[in-house]
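This report concerns only the one structure given below.
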Amino acid sequence: MSPSETKITTSKERVRPISGFPEWLPEYRLVELQWIDSFRKIFESYGFTSIEPRSIEPVEVLLKQGDTDKEIYSIGRLLNNNSDENEPSYALHYDMTVPMARYVAANINQLNFPFKRYQMQKAWRGERPQDGRFREFLQCDIDVVDTRPIPLHFDAEIPIIMHEAIESIGAGPLTTKVNNRKILEGFYSGLSISDTSNTIRIIDKLDKIGTDGVATMLSKDLKLTPPIIDMVLNFAEIKGAGHSVIDQIRDLNVKSSLLEEGINELEFVIQQLEKYKAGTFLVDMSIARGLAYYTGTVYESRFTEYPNFPTICGGGRYDNLVGDFVNKKLPGIGISIGLTRIFAKLMREGKIQANRKTPTDILVVHTQGAPYDLIKDTANILRARGFNVEQYHEDRKLKAQLKYAGEKMIPWIWFPPADRNGIHEVKNSVTRVQAISDPKTWLPG
RNA sequence: GCGGGUGUAGCUCAGGUGGUUAGAGCGCCAGAUUGUGAUUCUGGAAGCCGUGGGUUCAAGUCCCAUCACUCGCCCCA
């Protein structure tokens with residue numbers, strides 16, 4: 001520990017929130033769990049299976065994709081902190097994709113291909129938190145990895161699954177922009193630009209710094225000539241739905257086999273997507289995705305209502321991510337959904353209805369004078385019938401017990417009789433109607 | 001990492017130009033109410049005024065530093 005490190009001393013400091021590490025109250029966690037269940041159901045309905053790889057990876061694995069400036073959290077033990085150099089250094093993963101590739105490589109002989117998996121796990125990034133950006137967040141990924149070439153149909157199916165997932169939690173509408181890296185690289189190399197990856201990186205900033213900013217960077221950083229810059233910019237402006245976009249690219253009359261390949265792929269993908277839902281998927285030549293490993297189709301989705309809010313889904317095709325870990329060429333394609341990002345945004349906008357503070361369906365109150373076993377048996381009968389049942393263990397005045405039920409928004413209150421031969425009553429918390437009932441046969445309604 | 005904003009009770013905030021023992025509303029707890037949630041009334045608990053230093057007879061208030069939260073840049077889910 002360095003001497004400059006400050007210590008947390010007051011009790012206030014010990015309990016207060018840490019920026020970028022969100023914590024929800026139970027009523028919101030309940031909603032988040034519903035989202036997770038819903039995602040799981042949809043992913044599984046398309047035949048994706050779950051894995052949960054470890055949260056840490058060797059630092060070298062995480063840095064594999066080239067971006068060494070990634071804000072990753074390294075881990076170490078408090079004791080033994082001046083550890084020997086033999087110990088490898090580990091860090092918390094900052095996404096699911098690279099660790100998934102490592103997992104596939106590690107288990108390649110036991111997995112069946114095409115391997116279709118989903119993962120819903122926390123990821124950690126050290127970037128400065130702000131609206132929609134966290135240091136600890138839940139990410140939901142679906143990916144397909146194969147030992148053979150992956151058919152293009154997956155390029156269309158995967159964003160459709162993602163849209164279904166988002167729709168299932170009522171978080172829409174979304175706008176998804178689609179592009180293909182081969183078009184970008186093919187187009188640029190057709191213009192004899194050598195540094196295609198940096199060109200892509202700069203073009204990706206179009207919506208942030210505008211055409212002038214991009215033109216300046218292309219000129220200064222990459223020494224591109226004005227006519228080439230014009231071509232690049234005009235090209236990046238191309239966007240829209242359907243085939244007119246494809247035609248516009250062809251009309252620019254730049255020739256390269258890679259470009260042609262990319263256009264054909266994109267044409268197929270967008271055709272399929274349009275069949276699913278016209279207008280939701282837009283082709284956009286300014287979409288590149290920052291991550292270096294993408295090689296084909298790329299996607300990026302935002303809330304239609306909040307275009308300036310960061311991307312909530314992103315993904316694409318990578319030809320050789322797993323191949324970095326094993327001596328085989330394994331192509332993959334996938335997408336990830338920023339669940340925490342979506343959740344926090346909707347919460348902030350007041351669009352998340354928390355209508356329960358607990359999963360409890362029924363509170364069995366402690367009727368005055370009733371034998372404890374009778375109350376417990378009543379709760380158990382109801383529980384065995386599939387209800388979530390909570391018992392009020394203390395013989396307090398009813399006012400306090402009912403207040404508790406009200407605060408926790410428990411929908412039903414059960415009143416056991418004072419003795420075994422008495423009659424049960426159940427009360428609806430909302431309507432406040434109370435009626436005679438039997439725990440063996442009662443049905444809510 | 002770089003800039004802007006903000007730190008007083010659980011929450012929202014008052015506390016002109018420094019001046020006794022730091023306030024309100026809401027919330028919380030208890031009672032009125034010997035057993036069915038509200039309202040009302042009564043009482044109560046709760047604060048190193050973010051932290052450290054400085055100026056002063058005197059600092060919640062002025063100065064410096066620092067930390068935290070927050071908004072933007074970078075980057076991304």
Side-chain angles (χ1 to χ4, degrees), chain A residues 4-22 25 65 67-72 93-97 119-142 162 165-166 171 174 201 204-205 208-209 213 288-292 294 299-303 308-316 334-345 348 363 365-370 392 394-411 413-415 418 425-434:
Chain A
S4 62
E5 217 163 307
T6 53
K7 286 192 174 146
I8 289 169
T9 48
T10 66
S11 64
K12 205 172 182 178
E13 283 170 321
R14 284 195 285 267
V15 301
R16 75 172 148 215
I18 299 175
S19 178
F21 292 78
L25 287 170
Q65 54 190 88
D67 300 306
T68 47
D69 58 340
K70 282 278 180 242
E71 292 275 11
I72 64 174
H93 60 219
Y94 59 84
D95 72 1
M96 312 282 111
T97 311
Q119 242 174 286
M120 296 195 257
Q121 277 177 263
K122 289 280 175 67
W124 295 267
R125 292 182 195 174
E127 293 147 356
R128 273 266 174 282
Q130 51 189 268
D131 186 19
R133 201 171 69 195
F134 300 92
R135 290 181 153 177
E136 178 181 66
F137 55 96
L138 189 58
Q139 219 178 7
C140 307
D141 279 36
I142 49 175
M162 184 273 292
I166 301 283
L174 285 196
R201 207 198 76 238
D204 206 36
K205 298 179 190 298
K208 270 267 159 66
I209 60 177
R289 307 289 304 148
L291 296 174
Y294 293 120
Y299 327 97
E300 198 171 286
S301 306
R302 288 166 188 262
F303 286 120
N308 292 324
F309 192 70
T311 312
I312 53 177
C313 302
I335 205 161
S336 57
I337 305 176
L339 192 145
T340 304
R341 181 171 273 180
I342 299 171
F343 192 76
K345 181 61 175 177
R348 202 173 158 138
L363 176 74
V365 298
H366 196 129
T367 310
Q368 189 175 32
Y392 203 99
E394 201 183 346
D395 186 1
R396 284 182 77 196
K397 55 172 77 174
L398 262 185
K399 181 179 176 174
Q401 300 190 45
L402 292 174
K403 192 180 172 200
Y404 170 76
E407 282 166 347
K408 276 209 173 172
M409 302 187 250
I410 297 171
I413 300 156
W414 198 277
F415 298 83
E425 291 188 22
V426 62
K427 180 173 182 174
N428 181 313
S429 272
V430 179
T431 64
R432 306 208 171 193
V433 174
Q434 190 168 328

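Protein chains get the first letters and strands the later ones, always in sequence-line order, with residue 1 at the start of each. Atom set for the values below is all heavy atoms of this structure, side chains included, hydrogens, waters and symmetry mates excluded. No experiment lies behind these values; they were computed from the predicted model shown.
- Side-chain N or O atoms of A:R135 include none that pairs as donor or acceptor with a backbone N or O of A:F21 at under 3.5 Å.
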Run A:I335 and A:Y299 through side chain to side chain contact (heavy atoms under 4.5 Å, CB included) and show every step you take. CA-CA 8 Å; A:I335 205 161; A:Y299 327 97; 3.7 Å; yes
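- Atom P of nucleotide B:rA77 and atom NE2 of A:H93 are separated by 14 Å, given to the nearest angstrom.
- For RNA chain B, if you chain together Watson-Crick or G-U pairs that step i with j, i+1 with j-1 and so on, the runs of at least three with distances under 3.5 Å are B:1-7 with B:67-73, B:10-13 with B:23-26, B:28-32 with B:40-44, B:50-54 with B:62-66.
- At a threshold of 4.5 Å between non-hydrogen side-chain atoms, the residues A:Q139 and A:I337 do not count as touching.
- Distance noted for atom P between B:rG16 and B:rC57: 22 Å (whole Å).
- Distance check on atom P: B:rC49 versus B:rU34 gives 41 Å, rounded to whole Å.
- Here the P atom of nucleotide B:rG3 and the CD atom of A:E127 are 19 Å apart, to the nearest Å.
- Residue A:F134 is in base contact, counting any heavy-atom pair closer than 4.0 Å across all strands shown.
- Here the straight-line distance linking atom SG of A:C313 with atom CE of A:M162 works out to 4.0 Å at 0.5 Å rounding.
- Comparing the same atom, C1', in B:rG44 and in B:rG27 gives a spacing of 14 Å after rounding to whole Å.
- With sequence neighbours excluded, the residues satisfying side chain to side chain contact (heavy atoms under 4.5 Å, CB included) with A:R302 are A:D207, A:E300, A:T311.
- A:K345 is linked by a salt bridge (charged side-chain N to carboxylate O under 4.0 Å, His left out) to A:D131, A:E349, counting only residues two or more places apart in sequence or in another chain.
- The separation between A:I166 atom CD1 and B:rA77 atom P is 14 Å, rounded to whole Å.
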Pair A:F303-A:I342, side chain to side chain contact (heavy atoms under 4.5 Å, CB included): steps then yes or no: CA-CA 9 Å; A:F303 286 120; A:I342 299 171; 3.7 Å; yes
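- Atom name C1', nucleotides B:rA22 and B:rC41: the rounded distance is 28 Å, in whole Å.
- Using modelled atom types, no side-chain atom of A:S301 and backbone atom of A:L174 make a donor-acceptor pair closer than 3.5 Å.
- Classified by interplanar angle (parallel below 30°, tilted 30° to 60°, perpendicular above 60°), the ring pair A:Y404/A:Y392 is perpendicular.
- With A:Q401 contributing its side chain and A:R396 its backbone, the two residues share a donor-acceptor pair below 3.5 Å.
- For the C1' atoms, the distance from B:rA59 to B:rC64 is 15 Å, rounded to whole Å.
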Just by protein heavy atoms under 4.0 Å, how would nucleotides 33-46 of chain B read 5' to 3' in B, S and -? B-BBBS--------
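- Comparing the same atom, C1', in B:rU66 and in B:rG25 gives a spacing of 33 Å after rounding to whole Å.
- The line from CG of A:L398 to OG1 of A:T367 is 7.0 Å long, rounded to the nearest 0.5 Å.
- Nucleic acid contact class of A:C313 (heavy atoms, under 4.0 Å, all strands): sugar-phosphate only.
- Listed by chain and number, the residues in a ring-ring contact (aromatic ring centres under 6.0 Å, His included) with A:F134 amount to none (sequence neighbours excluded).
- Using C1' as the reference atom, B:rG43 and B:rU33 are 16 Å apart when rounded to the nearest Å.
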Pairs under 3.5 Å (N/O, protein and nucleotides 70-72 of chain B):
| residue | atom | partner | partner atom | Å |
| --- | --- | --- | --- | --- |
| B:rU70 | OP2 | A:S19 | OG | 2.4 |
| B:rC71 | OP1 | A:R348 | NH1 | 3.1 |

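- Taking atom C1' in both B:rC2 and B:rA77, one finds a spacing of 24 Å when rounded to whole Å.
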